[in-house]
There are 2 protein chains.
Amino acid sequence: MVTISDIAKQSGVAKSTVSRFLNGGSVSETTKLKIESVINETGYIPNTFAQSLKAKRTNIIGTIVPRLNSFATSQTLIGIDEQLREYNCQMIISNTSQNLEREIENIYSFAKQKIAGIILLATQITEAHLEATRKVNIPILLVGQQHDAFYSLIHNDFDAGYDIGKYVLEKGHRKIAYLGVSEKDIAVGLKRKSGFQRAVSEHSDCEVHYYETSFKIGEAIKKVPSIIDSIQPTLFVCATDNIALGVLKAASLKGLNIPNDVSITGFGGYDMTEIVYPGITTIKFYYEEVGTKAAQMLMKLINDEKVDKTTILNYKIIERESVDNLSLSNL
Amino acid sequence: MVTISDIAKQSGVAKSTVSRFLNGGSVSETTKLKIESVINETGYIPNTFAQSLKAKRTNIIGTIVPRLNSFATSQTLIGIDEQLREYNCQMIISNTSQNLEREIENIYSFAKQKIAGIILLATQITEAHLEATRKVNIPILLVGQQHDAFYSLIHNDFDAGYDIGKYVLEKGHRKIAYLGVSEKDIAVGLKRKSGFQRAVSEHSDCEVHYYETSFKIGEAIKKVPSIIDSIQPTLFVCATDNIALGVLKAASLKGLNIPNDVSITGFGGYDMTEIVYPGITTIKFYYEEVGTKAAQMLMKLINDEKVDKTTILNYKIIERESVDNLSLSNL
DNA sequence: CTGAAAGCGCTTACAG
DNA sequence: CTGAAAGCGCTTACAG
C-alpha cells in the first residue's frame, strides 16, 4: 500500500503539498510535474476512508430505490451511474423492496455514513420522510414525485395523461376502461389519471370506467376478464406498461384479437412493450436521461449551486399496433 | 455528531473500553451496562470511515455486474442485497455496461477502497481478470461462470441444456433451429449447447441447425425470418429467454401461430416468458437464491471458513404453451 | 508556493 | 478487566 507519505518522500516535498496537488490547490509547475510522475510510477490511489474521515464528506452518492427489478428503476440507475462515473463518484444502491420504513432507515444510515447526497426514487412522501430530511441535513433529490419540501425531478405525468387521452379519443374510442393505481402515488396514480380525465372532459359522449389495480402484472391479468365481460370496453388505458402487458395477456388468453377486439395503451415505454405482439402504444419516458439529469442536479445541490426546485422532463407518445382506429372503420 | 470519546466520557471509561465493548472484547458486566445505556441515549453510531481506516477492512461488499437492466441481474442483486442486510453489510454495485476493461478497473478500485469482498457476475474470464485477482488479494466469488482460479457459484447449464433437449425430442421435434450465443460465454454459449447436443446425439433422426446471435432481443428478431424461410424448423431452442422472446415476436410478425406453426423454448425463467402470449416453455434458474447463496459464500470466504470451490445450483423446467406436441398429433 | 503540526474517530498492542 | 498512547492516511488552517 503506497500512501501520501511515500509520494511526499519520493517527490521530496511535504505531505501537505501532495495533498494540495491532489485537491487542485496551488502548487508550482515543477513540483506538480514531479509529484505527478511519482504518482504514476507508484500507482498511488488515495485512501478513501482517510479522506472522508478528515474531509467529513465523501464522494459517495446514495440512491434509494423501491425495487430493483423494474425497467424504470434499472434505466434510471444506469443513467445515474454513468453520470456519477464522470464526477468520479461512487454510487451505493439501497433497495427497499417497497418498504417505506426501510426508505426512512436508509436516509438515516446514509447520513451516518457521511454520504454526499441522496437520490430518492420515491413513490410516496410521508411525514417520516419529511422529518428524516429535516434531520439529516444532506442534499436529497426526489425523482419521480414532486413535493414542496424537496428538490425534485419529475416526469410530465399530467400532460402525458392528457395526450394519451386525446390520442385515443381521436381514434374514436368512446367506451374506455381506465386501469389505474392508488392515488397515494401522486405521479402515477393521480396525475396520469387527471390528465386523462381532462382530455375526456372535452368530449361529452365518452364513457369511462375507472378501476384500480397494483403495479403487479399478475393482478392486472386477474382483473381484466370480468371488466371485459361487464362493460365491454373498446379500449384499456393502463397507468403503467406493466399493467398494459397484463391486459394484453389476459385479453389474448380470452381469445380476443388486439387491437381489433380491444385496444390497449400503457405508460412508460418499457422495452417489453415493443417485444410483445402486437406492440403496445405507450408514452415513453426517458428514464436513462432522468438518471443522468438527477446525478447532475444532485451534484449541483451538493456544491451549493442554484437548482430549480422542480424540473419536469419530457416524454413522447409511441404509436404501435395496439390501438384500433375506430373513426376510420366507421367511414 | 457524537463520537466514541463522548461515549467514553459520559460512561466514565476510556475510549479503548468503549471500542472493546463495541467489538465484543472483554468488558465487565457493569461497564457493559453503563456504556450500553449511554449509547442508547445518545444514538451514537460509529463512524464507518474511522473504523475502516484503522481496521483496514470494511463491511462493504462490491458487486460487479455486466448490466443493470437484465432480469437475471436484478433478481440476483435482490438476493445478494437481502442476505447482506442480515450480515449488516453494505453493497456497492458497479455496472460495467458489458465492458470487460471496466470489470478489471473495478476490481482494482474496489481493492483500494478496502472492500471486504467482491461478487463478480461474470460473462468471461480473461487473463486480465486472473492478474487482477492475484494482485488484489481480497476474496472474489464468481457467479454464473466457472473457472479454476476462482471460487464459483454456477447454474447447472449443461444438465439444463440436456433436459430441454430431451424434452423437445420427446415432443417429437426433429427439425430444430438452435439459437445460441458466443462460446466465449462458457455457461450460456457453450454448456447449454453441449447439454442440448448430448440429448440430440441420442436420437439419430434429428436435424439441428445452429445459429449464433447476441443477448439482444432485437438481433434475434432480425435473424429469425430468414432462418424460418430457409430451413423451416418445427422448433427454436433459444439459449436465453430474451432470445426466445425475440423469436416469438418475429414469428408472430410473420403471421405464424405459436406453437402450431413453430415452437419455442428459452432458458432463464424470466418473468416475461409468462406474460407473453403464449407463455414460453423454459428452464427456470433461481436467480434470487443464487444471490442469497452468493452472499453467504462470500461471507464465509471473508471469514476464512471452508467453501467448496464450485457450487452448482439447481433449475427446473417450466412447461408452458410454446411447444407443440408433435408426437401426439401424429397419432 | 511550501511545510510542520494538529486532528478527523477509531483500533490495537501494551502494560497494569 | 481497563487505560494511555500511538497510529491508520489524509486534510487544513497557519506561518513563512
Side-chain angles (χ1 to χ4, degrees), chain A residues 1-36 38-39 42-60 88-90 109-116 138 302-303, chain B residues 1-36 38-39 42-60 88 90 109-116 137-138:
Chain A
M1 232 0 258
V2 26
T3 74
I4 201 171
S5 303
D6 301 324
I7 304 300
K9 258 177 241 159
Q10 291 184 43
S11 317
V13 297
K15 287 193 305 180
S16 30
T17 306
V18 178
S19 175
R20 234 176 285 119
F21 165 81
L22 256 18
N23 296 295
S26 50
V27 184
S28 76
E29 198 55 36
T30 43
T31 60
K32 197 175 287 187
L33 256 38
K34 213 173 0 175
I35 296 176
E36 210 157 22
V38 175
I39 288 183
T42 53
Y44 165 72
I45 296 191
N47 180 317
T48 325
F49 301 113
Q51 289 181 316
S52 312
L53 178 57
K54 196 55 200 169
K56 305 214 154 191
R57 181 216 197 194
T58 63
N59 63 342
I60 300 179
N88 285 313
C89 279
Q90 274 277 3
S109 97
F110 276 162
K112 302 302 179 185
Q113 284 180 79
K114 306 269 170 33
I115 264 172
I138 48 177
I302 291 172
N303 296 326
Chain B
M1 231 1 257
V2 25
T3 73
I4 201 171
S5 302
D6 300 326
I7 305 300
K9 256 176 243 161
Q10 292 185 41
S11 316
V13 297
K15 287 192 305 180
S16 31
T17 307
V18 179
S19 175
R20 233 174 286 119
F21 165 80
L22 255 18
N23 297 295
S26 51
V27 185
S28 77
E29 199 55 37
T30 43
T31 60
K32 197 176 286 189
L33 256 39
K34 210 171 4 172
I35 296 176
E36 209 156 23
V38 175
I39 287 184
T42 54
Y44 165 72
I45 296 191
N47 179 318
T48 326
F49 301 112
Q51 290 181 315
S52 312
L53 178 58
K54 197 54 201 168
K56 307 215 155 190
R57 183 213 192 193
T58 63
N59 63 342
I60 300 179
N88 284 314
Q90 274 276 1
S109 98
F110 276 162
K112 301 302 178 185
Q113 283 182 78
K114 306 267 171 31
I115 265 172
N137 192 33
I138 48 178

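Each chain gets a letter, A, B and so on, in the order its sequence line appears, and its residues count up from 1. Everything quoted here is computed from the prediction, not taken from an experiment. Note that these values count all heavy atoms, side chains included, but never hydrogens, waters or copies made by symmetry.
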Write down the partner of dA13(C) under the Watson-Crick or G-U wobble criteria, each distance required to be under 3.5 Å.
->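 Base-paired to nothing in any strand shown.
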Quick one: look up who dA4(C) pairs with, Watson-Crick or G-U, both distances under 3.5 Å, and put none if it's unpaired.
->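 For dA4(C), the partner nucleotide comes out as none, under the 3.5 Å rule.
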Taking only N and O in the side chain of [X], is any of them less than 4.0 Å away from OP1 or OP2 of [N]?
X	N	answer
N23(A)	dT11(D)	yes
T31(A)	dT2(C)	yes
S19(B)	dT11(C)	yes

Min side-chain heavy-atom separation [X]-[Y] under 4.5 Å:
X	Y	answer
I39(B)	F21(B)	yes
Y44(A)	P46(A)	yes
I7(A)	T42(A)	yes

Minimum-distance nucleotide (side-chain atoms of [X] versus [options]):
X	options	answer
R20(B)	dC10(D), dG3(D), dA4(C)	dG3(D)
Q51(B)	dC10(C), dT2(D), dG3(D)	dC10(C)
L53(B)	dT2(D), dT11(C), dC8(D)	dC8(D)
S16(B)	dA6(C), dA4(D), dT12(D)	dA4(D)
T3(B)	dC10(C), dG3(D), dC8(D)	dC10(C)
S28(A)	dT11(D), dT2(C), dC10(C)	dT2(C)
P46(A)	dG9(C), dC10(D), dT2(D)	dC10(D)
S26(A)	dT2(C), dG3(C), dC10(D)	dT2(C)

Output the rounded distance in Å from [atom1] ([X]) to [atom2] ([N]).
X	N	atom1	atom2	result
L22(A)	dC10(D)	CG	P	8 Å
F21(A)	dT2(C)	CZ	P	12 Å
I4(B)	dG3(D)	CD1	P	12 Å
N47(A)	dG9(C)	CG	P	17 Å
K15(A)	dT12(D)	NZ	C1'	12 Å
F49(A)	dC10(C)	CZ	P	15 Å
I7(B)	dT11(C)	CD1	P	13 Å

Nearest-nucleotide 5' precedence on DNA chain D, T30(B) against A50(B) |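 Its nearest nucleotide lies further toward 5', so the answer is T30(B).
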